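Report on the following structure.
Predicted, not measured: the structure shown is a model, and the values here were computed from it. Values reported hereafter were calculated over all heavy atoms of this structure, with side chains retained and with hydrogens, waters and symmetry mates removed.
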Amino acid sequence: MKNTLYISFLVLFVSLFFACSKKDNKKKVNSALLEKYKIKIPLDNKTSFWHYSLHISKYKNKNILSFYNHFDNSVKVTEFSKQKILKQSEIKLHHEGENGLGEISQITSHLYLNKDSIYIYNPMSGRLFLINEKSNVVEKYDIVNYDNINDDVPYPEPNVMSPMLKIGNKIYFSCGLNKFQKRFSNYNVILEFNTKLRLGNYLFPFSKKYDNGFWGSQFKYLPSITYNNRKNKVYFNLPIDEHIFEGDLETEKLISIKKIKSSYISEPKPMFKNLNYGLRKNRDFNKEDIFSLSNSDYPSLLYDSYRDLYYRVVYIRPDKTKVKKGDTLANFSIITLDSKFNILSEDFFSSKTHDNSMIVVFEEGLAIARKDLYELDEKSLTFSIYEYKK
Amino acid sequence: MKNPSLLVFMNIKNKVYYFKAIIVVFVFFLASCEESKESIYTKRLTNLIGSQINKQMDVLIIPNEGCGGCISDATLFAKQNYNKKKIIIIFTGVKDKKLLKNIVGEDFLNKERVYVDNQNLFNSYETSLSYPKILKIKRKKVFKILDFENNNLKDN
């Protein structure tokens, strides 16, 4: 009897010990994204740190960093070479008049190709504008028809982690849910807009995993795409699916390429196993937010055409208790992949120092915005430039 | 001698009675353990502004994220009425102080009754803050939490 009691207590104690021990989120696998240098972009008084739309392009051998600044409704442009700032300018956008873009929200996105070709997507009006550096509207395209409320089409939501892609005469947009679906594996979420024909076509559905449950808030249903110009294929990433998908733009077929798992997070699980929860009218959005912000996911995949590498971003989210107290910021890791999607490395980043949503690829490497340095100096937006080293 | 079957019956009846009593006590215990929102707000307010809490006053809390139009309205109201209404103004969930300074002005942020909630005491799901809120204070404690509306604020 005494032995039984003793064994029972021992089992209980051991179980409690393992249940209470926390996972070490800071363990590193292989650290191989090395910082090359930092670049400091001067900011004026009206420009702060975070931008929903940020882009680095190359034009006439110069790197051009541009972002949409909502506070003063302008696109800020910086030409730079390595760490040297060459020139800064701004393109003031207009709300009204001949060159008016309408009411513009903070989630406006842009694509800067060169000084004569800057695309601005205004989600408030569902219109895409082509402007030049003098803010003259060259073309306007109706992308979404908000007047037709019966339309069950997803709405474009391009952002830094999944920007607009221009391939030939077509522009590709990642889209978010307009209405919750009864089935996701036949619901296409990438909008292909032909600027010559002025016609849109939806491609590439959610994976079957989305039919297996209710996954939480809207951002769990936001795909990201990236374009491999060497193969002329797009690669499709879904936040709750460990697989990467390859999309053929000619055949419009999507195939699963590989399972790319992070060593920092476990496989994403649904909030409810019943998909139909999302169709209910009395959903608890607070509860959904808490679940979504405390369950890790894969928000983005980026292709690096200069090094023929891919980067998969992983959000390592805080636990439920922290989220309830308002600590919702996710640390992140970046999985570096070769051209065949073999994992080369996975590097951890703290969100106290690096911003988890301002990550862009350019000629010099992977640029990640530094929030800790901005806190010390609000007159500069600093990026750390990383390159994969064997 | 008492009837044995009656004794058994009495024992069962007592057990059921005590079991029910335990359930009732347990439920009351649980109910008393759950802290009210007013109590949570009072603690956090004391933490943030301490001695500035008067016996009777209003506090306007403006979150950084949430209902954009509501936040803009509340911010504009706070700026325009700072001198007319003796309220405390708290900006919470501020991710970029420079942006906040641009929106409301640095001078306004430095005013006596304006606070920036750097610890994000009011930016949690426990306080459910995605809309601006008015806290009504009586006897130095929050007794009511209202959505921001001009009519919900005291005149001087």
A:Lys379 to B:Lys98 - nearest heavy-atom pair and separation: CA-NZ, 4.4 Å
Gap between atom CG of B:Asn123 and atom OG1 of A:Thr328 - 0.5 Å precision: 7.0 Å
Under 4.5 Å from any heavy atom of chain A - which part of B:Lys101: side chain
Under 3.5 Å: donor-acceptor pair, side chain of B:Asn120, backbone of A:Asp327: no
A:Asn45 CG: over 12 foreign heavy atoms closer than 6.0 Å: no
Contacting moiety of A:Thr47, where chain B heavy atoms sit under 4.5 Å: backbone
Check against side chain to side chain contact (heavy atoms under 4.5 Å, CB included), A:Phe71 and B:Ile103: CA-CA 8 Å; A:Phe71 182 73; B:Ile103 293 169; 4.0 Å; yes
A:Lys320 atom NZ, neighbour heavy-atom count above 12 within 6.0 Å: no
Interchain contact, A:Leu329 with chain B, by part (heavy-atom threshold 4.5 Å): neither
Contacting region of B:Asp96 [heavy-atom separation from chain A under 4.5 Å]: side chain
Side chains of B:Lys95 and A:Lys371 in contact at under 4.5 Å (non-hydrogen atoms): no
Which residues share a side chain to side chain donor-acceptor pair (under 3.5 Å) with A:Asn356, sequence neighbours left out: none
